[in-house]
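No hydrogens, no waters, no symmetry mates; every other heavy atom, side chains included, goes into these values. Note that the structure is a prediction, hence the values are computed from the model and not measured. Chain A is the first sequence line, chain B the second, and so forth, proteins listed ahead of strands; every chain is numbered from 1.
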Amino acid sequence: MLDVKLLRTHFEEIRKRLETKGEDISDLDRFPELDQKRRQLLQEVEELKNRRNVVSQEVGRRKRNQEDASQLVEEMRQVNEQIKKLDEALRQCEAELNALLLRLPNIPHPSVPLGDSEEDNQVIRSWGEVPHFSFEPKPHWQLAEELDILDWEAAGRVTGTRFVFSKGLGARLERALINFMLDVHVDEHGYQEMWPPFLVHRHSMIGTGQLPKFEEDAFKVEGEPYYLIPTAEVPVTNYFRDQILDGSQLPITFAAYSACFRSEAGAAGRDTRGLIRLHQFNKVELVRFVKPEESYEQLEILTQQAEKILQLLNLPYRVTAICTGDLGFAAAKKYDLEVWLPAANTYREISSCSNFEDFQARRANIRFRREPKAKPEYVHTLNGSGLAIGRTVAAILENYQEPDGRVRIPEVLQPYLGGRLYLE
RNA sequence: GGAGAAAUACCCAAGUUGGCUGAAGGGGCUCCCCUGCUAAGGGAGUAGGCGGCUCAUGGCCGCGCGAGGGUUCGAAUCCCUCUUUCUCCGCCA
């Protein structure tokens, strides 16, 4: 959510910056009028309420003194009629204003490259050697089927399309990667480990920005007020909703595993094979709550910590700065980590690291005090995948494959897989 | 899932025959006084927060006693709904 006061005072400037996202923001035009109307109604109704408070005291005083107050009571009946009407108008005005504000995206940071689509994202740096194969590298789904570690057909029978069973060493590899990533982030990067609820209520989804605008992307539990989380970002960021944090404790950082559930409403026909785009996948997520003046420095740290996992796994990747048109709803700035997939001969996103500034903090009402008595300020929130497990499995299978169909296990994972050297 | 109890400020806690209680009292904390130091003692302060107005920046006003509604001229106090916590029972990994 954007700062209403900023919107009021820098309207044209904000509109220009939002337009760089290429989204339809025509709603924004209704803001000045609604904002103005709201304040006017508020002033009127508060004046009447003040009158009511003063007169009610007088009624009490008169009754104690056995004096007549019937005229005042009658007057207040009429005032109350007025208050009721104005309150209702105000409530409606605020609801409209709020609905508008909740659908406005975040403002891109000045350092974000301008652009219309992912075509305009900028490669910041690359790491690792793209492997050269003496044979035609197989796609990960084919390798997995031959190794009998992923079963799509069974998942189709049991649940439906875009779900998968991992089994045997495939299941163990998922578990190994979760443990490995959490261990690195907790032991080496200082994150506090967290295992969150996988279902949240609507307010949490609004808090991080998934709702109200992207209802069709979320799985909702029928008959219950719960949504399946699309990422651990949702429960973990909302962990501090409506809290005022102690500024001396910042930055506060969490590393959380969760299963992630996405309906991928608009993705029919894309990446229909393999582990790239599923309705359910595992992910280790990093979340940081920081002071506003530190958040861009913290974004660099966060990104490097996610990169560290790819480096330890020795998977080639590149970092891209997402352009304004591809930034998404809530982020002010975003880096993607893209891992090399040999069979597709391309880089694919395996992590997104974003600074949301105070956009989520306003929605979820997460604040901090610099000093014990200081005025509360909104924190800045950041998060990044550290990493998506399924896509990591895909990358390992494809990058570590051997001519005979076996797949070497990255050295750092070997202890997690009982000392094995190969998936075979 | 069933039955019961509770929710008031940093903590504990009074207040439920509706009106000088936006909230007693205690603890804690901050400042001051006193004592050579410490302890003890005396005094003062301690509702944050959100929003609006005004800007002399210090004020004024509205909301606010778990949350949301309602009754009333007036609600911490009466009514309804919800949430959370605790106890007991049931069920379960």
Side-chain angles (χ1 to χ4, degrees), chain A residues 1-9 11 31-102 175 195-207 221 223-227 235 238-249 257-259 358-379:
Chain A
M1 185 137 63
L2 302 182
D3 180 359
V4 172
K5 283 179 184 147
L6 194 72
L7 209 42
R8 196 179 289 154
T9 51
F11 185 73
F31 172 81
E33 178 211 329
L34 278 172
D35 179 53
Q36 179 65 36
K37 186 175 158 200
R38 169 178 170 269
R39 284 185 294 160
Q40 192 180 337
L41 283 168
L42 195 58
Q43 240 171 297
E44 284 174 31
V45 77
E46 285 189 355
E47 207 167 297
L48 289 176
K49 283 180 178 176
N50 177 243
R51 172 93 183 123
R52 180 175 71 184
N53 288 344
V54 169
V55 171
S56 287
Q57 284 218 344
E58 175 62 14
V59 171
R61 198 191 61 79
R62 288 198 187 178
K63 290 216 167 164
R64 269 194 307 281
N65 296 340
Q66 317 280 320
E67 293 171 35
D68 176 52
S70 55
Q71 197 189 326
L72 292 179
V73 169
E74 184 49 41
E75 187 198 333
M76 282 311 101
R77 277 213 184 92
Q78 287 168 23
V79 168
N80 269 338
E81 291 279 308
Q82 274 293 315
I83 289 176
K84 222 170 192 170
K85 268 188 222 154
L86 287 172
D87 259 340
E88 175 54 27
L90 182 63
R91 195 198 57 74
Q92 205 169 342
C93 180
E94 285 185 334
E96 272 181 67
L97 189 60
N98 208 252
L100 187 158
L101 290 171
L102 284 176
R175 179 160 59 90
W195 204 288
F198 292 1
L199 276 69
V200 295
H201 57 47
R202 185 176 175 80
H203 302 290
S204 291
M205 292 286 276
I206 290 172
V221 180
E224 302 280 349
Y226 301 133
Y227 289 82
N238 279 283
Y239 181 76
F240 287 129
R241 73 182 357 268
D242 295 322
Q243 301 288 304
I244 300 178
L245 307 175
D246 173 358
S248 70
Q249 304 290 309
Y257 158 77
S258 87
D358 62 7
F359 188 80
Q360 294 180 325
R362 278 177 197 283
R363 293 174 154 242
N365 193 26
I366 306 168
R367 293 171 293 166
F368 77 103
R369 277 186 227 279
R370 286 179 192 276
E371 307 292 335
K373 297 273 178 188
K375 248 187 105 59
E377 302 171 52
Y378 289 106
V379 299

Between [Y] and [X], does any NZ, NE, NH1 or NH2 come within less than 4.0 Å of an OD or OE carboxylate oxygen?
| X | Y | result |
| --- | --- | --- |
| A:Asp68 | A:Arg62 | no |
| A:Asp87 | A:Arg91 | no |
| A:Arg77 | A:Glu74 | yes |

Answer yes or no: does a side-chain N or O of [X] lie under 4.0 Å from OP1 or OP2 of [N]?
| X | N | value |
| --- | --- | --- |
| A:Asn53 | B:G74 | no |
| A:Asn50 | B:G62 | yes |
| A:Asn80 | B:G74 | yes |
| A:Lys63 | B:C73 | no |

How many angstroms lie between atom [atom1] of [X] and atom [atom2] of [Y], to the nearest 0.5 angstrom?
| X | Y | atom1 | atom2 | answer |
| --- | --- | --- | --- | --- |
| A:Asp3 | A:Thr9 | CG | OG1 | 7.5 Å |
| A:Asn238 | A:Gln243 | CG | CD | 11.0 Å |
| A:Arg61 | A:Leu72 | CZ | CG | 10.0 Å |
| A:Phe368 | A:Ser248 | CZ | OG | 11.0 Å |
| A:Arg38 | A:Glu96 | CZ | CD | 13.0 Å |

Gap in Å between the two [atom1] atoms, one belonging to [N] and one to [M], rounded:
| N | M | atom1 | value |
| --- | --- | --- | --- |
| B:U87 | B:C65 | P | 28 Å |
| B:G25 | B:U83 | C1' | 30 Å |
| B:G74 | B:A3 | C1' | 37 Å |
| B:A14 | B:U77 | C1' | 13 Å |

At 4.0 Å (heavy atoms only), tell me whether [X] reaches a base, stays on the sugar-phosphate, or touches nothing.
| X | value |
| --- | --- |
| A:Val59 | base |
| A:Arg52 | sugar-phosphate |
| A:Arg367 | sugar-phosphate |
| A:Arg369 | sugar-phosphate |

Are there any protein N/O atoms within less than 3.5 Å of an N/O atom in nucleotides 52-55 of chain B, and if so, which ones and at what distance?
{"from": "B:G52", "atom 1": "OP1", "to": "A:Arg8", "atom 2": "NH2", "distance (Å)": "3.4"}
{"from": "B:C53", "atom 1": "OP1", "to": "A:Arg39", "atom 2": "NH1", "distance (Å)": "3.1"}

Report the C-alpha separation of A:Arg52 and A:Asn80 in whole Å, then their side-chain angles, then the decisive distance to 0.1 Å, and conclude whether the side chain to side chain donor-acceptor pair (under 3.5 Å) test is met. CA-CA 8 Å; A:Arg52 180 175 71 184; A:Asn80 269 338; 2.8 Å; yes

Which comes earlier along RNA chain B counting from the 5' end, the contact point of A:Arg51 or that of A:Tyr378, where each point is its nearest nucleotide? A:Tyr378

By nearest heavy atom, map A:Glu74 and A:Glu47 onto RNA chain B; which one lands nearer the 5' end?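 That would be A:Glu47.
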
Parallel, tilted or perpendicular, judged at 30° and 60°: which one describes the rings of A:Trp195 and A:Tyr257? tilted

Evaluate the criterion side chain to side chain donor-acceptor pair (under 3.5 Å) for residue pair A:Arg51 and A:Asn53; output intermediate values, then yes/no. CA-CA 5 Å; A:Arg51 172 93 183 123; A:Asn53 288 344; over 6 Å; no

Rounding to an integer number of Å, can you tell me how far A:Ile83 CD1 sits from B:C63 C1'? 13 Å

Dot-bracket for RNA chain B, 5' to 3', Watson-Crick and G-U pairs with both distances under 3.5 Å, [ ] for crossing pairs, | for partner on another strand, reads ((((((((.[[[..)...(.....]]]((((((.......))))))..(((((.....)))))..[[[[[..)....]]]]])))))))....

So which nucleotide from B:C63, B:C50, B:G48 ends up closest to the side chain of A:Lys49?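 Per side-chain heavy atoms of A:Lys49, the pick is B:C63.
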
When you get a sec, tell me which of B:C50, B:G19, B:G62 is the closest nucleotide to the side chain of A:Pro376? B:C50

Could you list, one pair per line, each protein nitrogen or oxygen that sits under 3.5 Å from a nitrogen or oxygen of nucleotides 64-70 of chain B, together with the distance?
none

Please report the shortest heavy-atom distance between A:Met1 and A:Arg362, naming the atom on each side.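 Taking A:Met1 first and A:Arg362 second, the nearest heavy atoms are O-CD, 2.9 Å.
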
